[in-house]
Engineer: 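Here it is, the structure, as structure tokens.
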Protein chains: 2
Amino acid sequence: MAKKQTPQSTQICDSSAVRLPDDQSAVGLSKLAWAVAHPARVRIVRLLIGRTSCVCGEIVEEITLAQSTVSQHLKILKESGLIQGEVDGPRVCYCINREKLTEFKELVAGLE
Amino acid sequence: MAKKQTPQSTQICDSSAVRLPDDQSAVGLSKLAWAVAHPARVRIVRLLIGRTSCVCGEIVEEITLAQSTVSQHLKILKESGLIQGEVDGPRVCYCINREKLTEFKELVAGLE
DNA sequence: ATCGTCTATCGTCGATTTGCGATAGAATGA
DNA sequence: TCATTCTATCGCAAATCGACGATAGACGAT
């Protein structure tokens with residue numbers, strides 16, 4: 001793969017000036033990726049995607065972790081914007097934020 | 001959004017049985033997401049994607065971090081499979097692993 | 001008003017991450 | 001051979017994460 005094509009020069013690699021997306025975009029992508037950078041959070045996201053509406057503490061039963069730990073993961077996902085939580089009486093229903101999910105998908109798909 | 005439709009019942013949320021992808025898939029996605037869950041690593045990935053072939057320690061100049069830190073990030077990316085490194089004389093050229101990148105894209109795109 | 005349920009938060013612990021300088025190894029060039 | 005260059009690795013310190021139990025707050029039901 002374009003290796004050792006110039007035995008004497010220092011131009012071994014492709015030195016073309018690449019226009020990188022601004023750093024802000026990298027931060028945005030990294031934050032969304034980070035939200036999903038844990039198996040439990042991937043499972044939660046998929047669970048919420050699979051439901052037509054939203055789910056409450058049922059997530060705790062689906063994910064084999066302590067309730068407080070699941071709540072922590074939910075908080076992380078909520079802070080990333082990927083999910084939203086609505087208080088509904090004594091419980092809280094979580095839903096996927098389709099817009100954020102689409103944004104994440106587009107950022108990843110844009111890696112090319 | 002389907003809130004408070006049943007005032008007396010416990011059936012507030014959509015309790016349909018959702019078939020989740022196996023846990024292995026969640027682990028795979030989380031690992032790839034984790035590789036990109038840092039702005040510097042996003043920048044490195046984008047840099048390598050932008051180049052036709054590969055790059056060496058030039059990455060260190062592009063990323064405003066110490067050489068040892070960049071090397072650490074490169075190691076993480078390499079372990080995730082997203083990039084590959086080839087020793088070429090005194091330097092090391094890194095390339096994007098298109099297959100892994102595609103796998104990542106598909107996993108993210110499959111979130112629906 | 002009180003009880004039971006559901007959820008978020010606090011505090012804690014160990015493990016991991018992130019960043020750096022210093023250093024060791026490999027390879028090239030003089 | 002020797003000096004130089006490039007990269008990976010080794011500590012090290014600070015910060016953060018991940019998991020848990022305990023607890024507090026909110027709400028509905030009795």
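Bear in mind the structure is a predicted one, so any value in this text is a computation, not a measurement. Protein chains get the first letters and strands the later ones, always in sequence-line order, with residue 1 at the start of each.
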Engineer: What residues form a side-chain hydrogen bond (donor to acceptor under 3.5 Å, both in side chains) with Lys100(B), not counting sequence neighbours?
Structural biologist: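 side-chain hydrogen bond (donor to acceptor under 3.5 Å, both in side chains) check on Lys100(B) returns Glu103(B).
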
Engineer: Filter on salt bridge (charged side-chain N to carboxylate O under 4.0 Å, His left out), then keep only pairs touching residues 66-81 of chain B, sequence neighbours left out; what's left?
Structural biologist: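 The answer is none; no pair qualifies.
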
Engineer: By side chain to side chain contact (heavy atoms under 4.5 Å, CB included), which residues pair with Gln67(A), not counting sequence neighbours?
Structural biologist: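 With sequence neighbours excluded, Gln67(A) shows a side chain to side chain contact (heavy atoms under 4.5 Å, CB included) to Val60(A), Ser71(A), given in chain and number order.
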
Engineer: Can you tell me the distance, in whole Å, between the CZ atom of Arg41(A) and the C1' atom of dG18(D)?
Structural biologist: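 Atom CZ in Arg41(A) sits about 9 Å away from atom C1' in dG18(D).
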
Engineer: Which pairs of donor and acceptor atoms, one on a side chain in residues 26-36 of chain A, lie under 3.5 Å apart (sequence neighbours left out)?
Structural biologist:
| residue | atom | partner | partner atom | Å |
| --- | --- | --- | --- | --- |
| Ser30(A) | OG | Ala26(A) | O | 3.1 |
| Ser30(A) | OG | Val27(A) | O | 2.7 |

Engineer: Supply the atom-to-atom distance Thr102(B) OG1 to Lys105(B) NZ, rounded to the nearest 0.5 angstrom.
Structural biologist: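 Spacing of OG1 (Thr102(B)) from NZ (Lys105(B)) equals 6.0 Å.
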
Engineer: Can you find a side chain N or O atom of Tyr94(A) that sits less than 4.0 Å from OP1 or OP2 on dC6(C)?
Structural biologist: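 Checking dC6(C) against Tyr94(A), no side-chain N or O comes under 4.0 Å of OP1 or OP2.
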
Engineer: Measure NE2/His38(A) against P/dT17(C) and give the value in whole Å, please.
Structural biologist: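 After rounding, the reported distance stands at 11 Å.
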
Engineer: Please give me every residue in residues 70-83 of chain B whose heavy atoms get under 4.0 Å of an atom in DNA chain C, ordered by residue number.
Structural biologist: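 Nucleic-acid contacts, sorted: His73(B), Ile76(B).
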
Engineer: Which residues satisfy the salt bridge (Lys or Arg N to Asp or Glu O under 4.0 Å) test with Glu106(A), sequence neighbours excluded?
Structural biologist: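 By the salt bridge (Lys or Arg N to Asp or Glu O under 4.0 Å) rule, Glu106(A) matches no residue at all.
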
Engineer: By side chain to side chain contact (heavy atoms under 4.5 Å, CB included), which residues pair with Ala66(A), not counting sequence neighbours?
Structural biologist: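 For Ala66(A) the side chain to side chain contact (heavy atoms under 4.5 Å, CB included) partners, ignoring immediate neighbours, are Ser68(A), Thr69(A).
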
Engineer: Sequence neighbours left out, what passes side chain to side chain contact (heavy atoms under 4.5 Å, CB included) with Ala40(B)? Give chain and number order.
Structural biologist: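 With sequence neighbours excluded, Ala40(B) shows a side chain to side chain contact (heavy atoms under 4.5 Å, CB included) to His38(B), Ile63(B), Leu65(B), His73(B), given in chain and number order.
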
Engineer: In whole Å, what is the span from the CD1 atom of Ile44(A) to the C1' atom of dG18(D)?
Structural biologist: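 Whole-Å distance recorded here is 13 Å.
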
Engineer: Glu86(B) has an atom CD; how far is it from atom C1' of dA8(D), in whole Å?
Structural biologist: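 Going from CD in Glu86(B) over to C1' in dA8(D) covers 17 Å.
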
Engineer: Distances for protein N/O vs nucleotides 21-25 of chain D N/O pairs under 3.5 angstrom?
Structural biologist:
| residue | atom | partner | partner atom | Å |
| --- | --- | --- | --- | --- |
| dG21(D) | N7 | Ser68(A) | OG | 3.2 |
| dG21(D) | O6 | Ser68(A) | OG | 3.2 |

Engineer: Quick one: Lys31(A) NZ to dC17(D) P, roughly how many Å, whole number?
Structural biologist: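 It is 12 Å, rounded to the nearest whole Å.
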
Engineer: When you measure from the side-chain N and O atoms of Arg91(B) to the phosphate of dA26(C), is any distance below 4.0 Å, counting only OP1 and OP2?
Structural biologist: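 No, no such contact exists.
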
Engineer: Return the value, rounded to whole Å, for the distance between atom CD1 of Ile63(A) and atom P of dC20(D).
Structural biologist: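 My rounded result for the distance is 12 Å.
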
Engineer: Taking Gly81(B)'s backbone N and O only, do any of them form a donor-acceptor pair with Asn97(B)'s side chain (distance below 3.5 Å, no angle check)?
Structural biologist: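 Such a contact is found between Asn97(B) side chain and Gly81(B) backbone.
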
